Structures are given as C-alpha cells and as structure tokens.
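Inspection log for the structure reproduced underneath, given as structure tokens.
Values reported hereafter were calculated over all heavy atoms of this structure, with side chains retained and with hydrogens, waters and symmetry mates removed. Chain letters run A, B, ... following the sequence lines, proteins first, then strands; residues in each count from 1. Note that the coordinates shown come from a computational prediction; the quantities given were computed from them, not determined experimentally.
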Number of protein chains: 2
Amino acid sequence: MTTAQGARARARQEVTAAIKEAARRQLAAEGAAKLSLRAVARELGMVSSALYRYFPSRDELLTALIIDAYDSVGEAAERARDAAADAPPPDRWTAVCEAVRDWALAHPHEYALIYGSPVPGYSAPETTVPAAARVGMVFIGIVRDAHEGAGLGPLSLPAGLRPEGARMAADFAPGVPPEAAVALVAAWAQLFGLIGFELFGQFNRVVEDRETFFRHAAGRLAEGVGLGRR
Amino acid sequence: MTTAQGARARARQEVTAAIKEAARRQLAAEGAAKLSLRAVARELGMVSSALYRYFPSRDELLTALIIDAYDSVGEAAERARDAAADAPPPDRWTAVCEAVRDWALAHPHEYALIYGSPVPGYSAPETTVPAAARVGMVFIGIVRDAHEGAGLGPLSLPAGLRPEGARMAADFAPGVPPEAAVALVAAWAQLFGLIGFELFGQFNRVVEDRETFFRHAAGRLAEGVGLGRR
DNA sequence: CCAAAAAGGAGAGCACTGCTCTTGCTCTGG
DNA sequence: CCAGAGCAAGAGCAGTGCTCTCCTTTTTGG
C-alpha cells in the first residue's frame with residue numbers, strides 16, 4: 001500500500017493509473033461501447049497483450065472505471081452538501097440534486113456507464129456496491145438531519161407494504177423513519193429519471209428551460225420526502 | 001405498399017421481418033451489445049453480406065428494433081388505458097404505469113435499448129421520434145381527460161420559468177394547462193427513473209416488495225400531476 | 001418478346017476487436 | 001547470487017462490421 005514497496009510496485013501503480021486515465025479519455029470521447037483495450041494500449045505505446053498484466057479483461061477495466069465514476073459523482077454530491085451545510089434542508093437537497101445533474105452533464109458517458117443500461121451484457125460486480133452507495137448516503141444524511149432537527153413533514157407508508165419491505169428501506173437509511181425512507185428511495189430513483197431523460201435526449205423538443213425545470217422538479221422531490229417547500 | 005407488387009416485394013418484406021425477428025431474439029437473449037449481424041445471418045442461413053441488402057448497417061437494424069420497441073411499449077400502455085377506461089383518472093394513471101413497468105420487466109433488453117444509454121455511440125435518428133411519443137401521449141390523454149372532467153388539483157409553475165419553457169411543455173401536451181404539462185413531463189421522467197432503477201439492479205438490496213413500492217410511487221406521481229389521491 | 005436493368009445472394013477480403021500462448025528480458029527477494 | 005516472479009512483445013485465433021466483386025434471378029421497358 002505504502003510507497004515503500006520499491007520501484008516495481010510504484011511503477012505498476014503508475015502504469016495502472018495511466019491505463020485508467022487513457023481509458024477514461026476514450027470513454028469520455030467515444031462512449032463505453034467503443035472503448036477498446038487495443039486503442040488504450042496503442043495510446044500508451046504498449047502492446048495490447050501487456051495490458052492484460054494490469055487488467056484481466058476489458059470488463060474489469062470497465063468495472064474500475066465504474067467505481068471511479070461512482071466515487072466521482074459521490075464526491076461531487078458531498079462537496080455540494082458541505083458547501084450548503086448552513087442552508088435549510090430543502091435547499092441543501094436541491095443543491096445536491098443540482099450537483100449530481102451538473103456532474104452528469106459534464107460526464108455524460110460516465111453517467112451512462114453507471115446509471116444507464118449495463119454495458120457489455122453483464123451485471124455489476126459486488127465491488128461496485130460501496131461506491132454506488134455514496135451518493136445515496138448524502139441524500140439520506142440530509143433527510144436524517146432534518147428528521148433529528150426541525151422534523152419531517154407528514155408522509156404515509158405504502159398501503160399493503162409487507163413489513164420486510166419497510167424494514168429493508170429502514171436498514172438502507174438508518175436514522176430515518178420508514179415512511180421517509182420509502183419516499184427517499186423513490187425520490188432517489190426519480191432524480192436519476194429526470195437526469196437521464198435530459199441527458200439521453202428524451203427532453204429534446206419538450207423541455208426548453210431545463211435548468212429551471214430541473215430546479216423546480218428537485219424542489220418537489222424534496223417536498224416528497226417531507227423536507228417541506230423551500 | 002399493397003401485396004399486389006409481386007412475389008419479389010413480398011419476399012423482401014418477409015425476409016426483412018425474419019431478420020428483425022431473429023435480431024429481436026438475439027437482443028432479448030444477449031442484449032444490444034452482443035447483437036451481431038453475422039450471427040443473425042447465420043441463424044437465417046444466409047451469408048452476412050446478403051443481409052446488407054436489407055439493412056445498410058448494424059445501427060440501422062438497431063434503429064428498426066428501437067422503433068418496434070417504442071411501438072410495443074406504447075401499445076401496452078394504450079391497452080392498459082383502454083382496459084381502465086371506466087376507472088377514475090388516478091387509477092387509470094397507475095394502471096398505465098404498471099403496464100409500462102410490466103412491459104419493461106418482460107423486455108429488459110428492449111427497455112434498455114430505448115430508455116437506457118444510447119448503445120453504439122450514436123444518437124437516435126429522427127425516425128424514432130413519433131414512436132417514442134406514443135407512451136407519453138397516453139399519459140397526456142389521461143391528464144387532459146381529468147382536466148376537462150372533474151378538474152385537476154392545484155399545481156404551481158416553476159418560479160422563474162421562462163415563458164418559452166412553459167409554452168413548449170404546453171405544445172407538447174395540448175389541452176393541458178401549462179403547470180400540469182410541466183408536472184406531467186417531470187412525472188414522465190420520474191416514472192422511468194423508478195423503472196430503470198428496478199430493472200438495472202439499483203434496488204437490489206434496498207427495495208424488497210417492489211410491486212407495492214412501485215404502485216405507491218406511481219400513485220404519488222399521479223398526485224404530482226394533479227390527479228388527486230386514489 | 002426479349003434484351004437491359006435492377007435486385008438479390010455468395011464469397012473473399014480488409015481492418016478491427018478481445019483474448020491466449022509462447023518467448024524472452026529484467027528486476028527482486030531469500 | 002541466482003531462481004522465480006513480474007513484465008513486455010509478438011504471433012495467432014476467433015469473432016466482428018463492412019466492402020467489393022462476381023453470378024444468378026427477377027422485373028421491366030422499348
């Protein structure tokens with residue numbers, strides 16, 4: 001882990017980083033479908049087979065990029081949360097929403113990689129789970145703070161929801177009442193619906209002032225989780 | 001257009017249909033990324049180059065499948081709307097939402113093709129637009145009917161929305177007041193956020209009773225467009 | 001009616017992909 | 001110090017989208 005492992009290990013880390021960087025460039029330029037191991041190797045001046053010493057397959061490289069992307073958007077969300085730490089919860093909520101949207105607009109292919117359809121065929125490995133949870137945690141934290149502070153607005157649990165269902169949502173969002181946890185999960189998914197539709201062109205001849213539209217929709221999502229009108 | 005054009009034209013239509021059918025099978029089995037022209041040709045007993053007499057490129061084949069998928073989900077939505085024609089608007093709304101969700105669960109790869117990330121790199125051509133609008137029209141119709149009947153609940157326009165923004169949403173949903181049109185577009189996007197998250201595994205260790213969860217969320221979306229609690 | 005033209009099929013081939021295997025060279029740990 | 005691990009390079013396999021050249025069949029126009 002430390003740098004005291006000698007030149008060999010450090011060189012390996014550097015090459016690994018260079019590969020990921022070149023791959024990320026290709027991803028941003030052409031999209032995941034056109035990301036080619038051989039092209040990455042070419043850009044780095046190495047032969048394609050040498051690259052397999054660092055990543056056992058193309059999918060593993062993609063997985064590494066997926067984790068980085070999750071971390072990147074999670075970090076953007078955390079920065080927005082911290083920057084709005086003194087604002088009331090609904091404002092903090094929308095600030096984080098906008099940060100996620102901004103990140104998505106700035107990194108469309110990476111967004112597609114993690115929130116679009118699974119790329120090669122395949123299912124996201126376990127290793128991506130903790131990174132994926134990072135954004136969610138930010139939203140959970142905002143709602144939890146509001147709950148422990150001024151309180152949340154009135155919410156209802158889905159009629160007929162099996163007890164395990166509520167319990168699982170509560171496990172997912174500790175410190176948040178179950179009905180808020182359920183609303184939170186819904187808002188979380190809906191947020192990415194809004195962003196995805198904008199990003200993938202579904203709003204093309206429909207929504208014109210997307211900035212305002214999104215801000216409004218994000219505010220209504222905040223209401224939906226009991227954060228009250230801002 | 002008619003069948004009176006002779007055997008040649010009819011044979012062409014038949015072969016075209018067979019190609020699309022085989023391609024759809026591959027799409028359902030392996031996903032868009034692994035859809036291969038050569039494999040389709042192999043399955044049909046023809047040589048790959050012959051297939052180019054019918055589709056000028058792989059992307060054109062995909063576009064044809066995209067249009068068919070849009071039509072398929074649109075038809076499912078229309079069927080659900082007609083089956084619930086006598087129900088009050090909120091129930092009709094949720095019925096259509098569930099029909100779309102059911103379609104998505106039954107055709108995950110086709111769903112990913114149209115609502116997931118754009119596949120090969122490219123952008124959806126103009127020809128897909130009318131087919132894509134079909135589902136949206138069903139939701140618009142429900143809201144319009146409610147507006148012309150019992151009326152809609154109170155809604156607000158986004159603060160600071162540029163006039164053109166409201167106008168465009170209103171053009172998109174004729175017969176619906178602008179504030180409802182804006183809410184409708186948001187609900188439309190959010191619906192596909194919910195479905196996409198469920199389909200692409202983002203709910204995996206989070207939501208357990210997905211059926212109930214979705215029904216509840218769809219009901220709240222209905223409220224959000226002014227259809228009132230069901 | 002029969003030739004010209006259009007349409008379709010078959011095969012070879014090009015450039016590319018992911019991935020494997022073998023061959024060497026270099027660095028490192030006991 | 002030297003055996004083994006780490007790494008680079010190249011050849012090669014099977015697959016891909018796509019193009020080009022033939023050849024046959026069908027349609028069509030003078």
Side-chain angles (χ1 to χ4, degrees), chain A residues 1-20 22-23 25-27 29-66 113 118-122 125, chain B residues 1-20 22-23 25-27 29-66 113 118-122 125:
Chain A
M1 273 305 166
T2 76
T3 46
Q5 308 193 41
R8 195 98 199 207
R10 210 184 50 223
R12 181 176 180 85
Q13 287 192 351
E14 279 172 14
V15 174
T16 305
I19 291 172
K20 287 210 287 187
R25 244 195 316 274
Q26 276 199 25
L27 176 64
E30 300 266 28
K34 298 203 171 174
L35 193 160
S36 146
L37 274 188
R38 292 180 109 111
V40 170
R42 227 175 294 134
E43 186 175 328
L44 265 54
M46 48 192 341
V47 91
S48 73
S49 60
L51 217 143
Y52 284 82
R53 300 269 170 197
Y54 298 88
F55 294 93
S57 75
R58 196 193 99 117
D59 281 7
E60 292 279 337
L61 214 197
L62 268 180
T63 300
L65 294 184
I66 286 175
L113 192 61
V119 182
Y122 113 122
Chain B
M1 276 302 166
T2 75
T3 47
Q5 308 193 43
R8 193 102 200 201
R10 210 184 49 221
R12 183 176 180 84
Q13 286 193 351
E14 280 173 12
V15 174
T16 305
I19 291 172
K20 286 209 290 186
R25 246 196 314 274
Q26 276 198 25
L27 176 65
E30 300 266 27
K34 300 205 171 174
L35 194 163
S36 147
L37 274 186
R38 292 180 109 111
V40 169
R42 227 175 293 133
E43 187 175 327
L44 266 53
M46 49 194 338
V47 92
S48 75
S49 60
L51 216 145
Y52 284 81
R53 302 271 179 202
Y54 298 87
F55 293 93
S57 76
R58 196 194 101 117
D59 280 9
E60 292 278 338
L61 214 197
L62 269 181
T63 300
L65 294 185
I66 287 175
L113 191 62
V119 183
Y122 90 139

What is the distance, rounded to the nearest whole Å, between atom CD of B/Glu43 and atom C1' of D/dG15? 17 Å

Rounded to whole angstroms, how far apart are CD on A/Glu30 and P on C/dC16? 14 Å

Spacing of B/Leu65 atom CG and B/Asp59 atom CG [to the nearest 0.5 Å]: 11.0 Å

Please give, in whole Å, the distance from C/dG8 C1' to B/Gln13 CD? 16 Å

Walking DNA chain C from its 5' end, the first of A/Arg42 and B/Leu51 to be reached, judged by nearest nucleotide, is B/Leu51

Would you mind reading off the distance between A/Tyr52 atom OH and C/dT17 atom P, rounded to a whole angstrom? 11 Å

Atom NZ of B/Lys34 and atom P of C/dT17: how far apart are they, to the nearest Å? 18 Å

CD1 of A/Ile19 to CG of A/Leu44: how many Å apart, nearest 0.5 Å? 6.5 Å

Could a donor-acceptor pair under 3.5 angstrom be found where the side chain of A/Arg38 meets the base of C/dG18? yes

Gap separating the CD atom of B/Glu43 from the CD atom of B/Gln26, nearest 0.5 angstrom: 6.0 Å

Using a 4.0 Å heavy-atom cut-off across all strands, classify B/Ser49 as base, sugar-phosphate, or nothing. base

How long is the gap from CG on A/Leu27 to CG on A/Leu35, to the nearest 0.5 Å? 6.0 Å

Out of D/dC22, D/dA9, C/dG18, whichever nucleotide has its closest atom nearest the side chain of B/Arg53: D/dC22

Roughly, in whole Å, what's the span from CZ in B/Arg12 to C1' in C/dA7? 8 Å

From D/dG17, D/dC18, C/dG9, nucleotide with atom closest to B/Ser48 side chain: D/dC18

Measure from CZ on A/Phe55 to C1' on C/dG18 and round the result to the nearest Å. 16 Å

Output the rounded distance in Å from CG (A/Leu37) to C1' (D/dT16). 15 Å

Check every strand shown and say whether A/Leu35 touches a base, only sugar-phosphate, or nothing at a heavy-atom separation below 4.0 Å. sugar-phosphate

Is B/Tyr54 touching bases, backbone alone, or none of the nucleic acid, heavy atoms closer than 4.0 Å? sugar-phosphate

What are the two closest heavy atoms between B/Ser48 and B/Tyr52, and how far apart are they? O-CD1, 3.4 Å

Looking for any heavy atom pair under 4.0 Å, which part of the strands does B/Ser57 touch: base, sugar-phosphate only, or nothing? sugar-phosphate

